[in-house]
*Asks:* 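The structure follows.
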Amino acid sequence: MLFRSLPAKLVGVEGSGPWRDHLVTVATEHKAVLDPVRALVDEGYRSTVLGVDAQGLMDVDAFDAALGERTVLASVMAANNEIGVLQPLAELGARARAKGVLFHTDAAQAAGKIPLDVRVLPVDLLSLSAHKLYGPKGVGALYVRRKAPRVSLVPLVYGGGHERGLRSGTLDVPGIVGLGAACALAQAELEAEATRLRSLRARLYEGLRARLDRVALNGALEPRLPGNLSLSFHGVAGEALIHALGDIAVSSGSACTSASREPSHVLRALGVGDDRAHSSLRFGLGRSTTAADIDRVIDRVVDRVQKLRAMSPDLEPPAGGLTWEAP
Ligand SMILES: *Cc1c(COP(=O)(O)O)cnc(C)c1O
């Protein structure tokens, strides 16, 4: 997305004092943030990649302590793309602001799903992607604060000075109109849709837990995106379950990194063992999901998990047992 090589070009806050070459981010970020941070480190920047607790949430004081005199930018995602947990943006942004550190949030998952208002949030840069909120693929937006503080960026692309010199090149008007329309629709439906999805998610979670044991929830149940449920089914490989589920679309780990067989870096950051990470599944509920869909998914998942478990009856009980109990 747009953010990919953004901080490489960062000039920083006006009058920001000494040369700043330090970046702060979080282990559970999307690769769209982690990879550019790594590339910047190759260019000579320093980085601090903070951990999260077992629920996937950040510690605001640890974040604060990581911000130094030379920190130019901190980047923390609003909502995680695998486990859906929401980071405390208001508190984190306030700490960054108090230290004159620019605060970027990757809101690709959060935009259109939970309230986000840059007039209220202490966020200096916010990126989002249209296709995550039912808009067209290939278009996104970067919010850049213009006052208090004024964020100045050097362009990624030169050649005509479009968009206040920030990004030259003729604009993708259909894409932009599509993004705008998608945002307007999402905004109009946001509250009702969030309530509807929370109730469907509870139906799914409770339905599965009532009929299956050894189901673990990955990440805090709240605060979490209304349409996200990430579960691990002990003794069942996520990939095998996906295959067995047929036309039910679920994912193991991130779609963007699913080509790799590595266990999810997000679940690892939560301290989840490899076996539990490999048996995780993300259910994404959205605009077209109905209660009938949920009931069908429950029946299918229960049946397939039971069958797959029956195929490996010698399965070791989970180490430390309790980690497999849903909270
Ligand atoms: C999908 C996603 C991205 C990448 O956005 P694209 O426009 O699809 O490249 C970045 N961050 C998060 C959290 C995402 O979910």
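Order of appearance sets the numbers: ligands from 1, and atoms from 1 within every ligand.
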*Asks:* Taking 4.0 angstrom as the limit, do Arg209 and Glu206 come out as a salt bridge?
*Replies:*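 So Arg209 does not pair with Glu206 through a salt bridge.
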*Asks:* Check if Lys31 has a non-hydrogen atom at a distance under 4.0 Å from any atom of ligand 1.
*Replies:*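 For ligand 1, residue contact (heavy atoms, under 4.0 Å) with Lys31 is absent.
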*Asks:* Out of all atoms in ligand 1, which are within 4.0 Å of some heavy atom of Met77? Include the element for each.
*Replies:*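 Answer, ordered by atom number: 13 (C).
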*Asks:* Do the side chains of Lys307 and Asp303 get close enough for a salt bridge, i.e. N-O under 4.0 angstrom?
*Replies:* yes
*Asks:* Look only at the side chain of Ser230 and the backbone of Ile83, and say whether a donor-acceptor pair between them is shorter than 3.5 Å.
*Replies:* no
*Asks:* Can a donor-acceptor pair be found, under 3.5 Å and without considering hydrogens, that links the side chain of Thr25 to the backbone of Ser75?
*Replies:*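 Pair found, side chain donor or acceptor close to backbone of Ser75.
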*Asks:* Kindly confirm or rule out an N or O of Asn81 lying under 3.5 angstrom from an N or O of ligand 1.
*Replies:* no
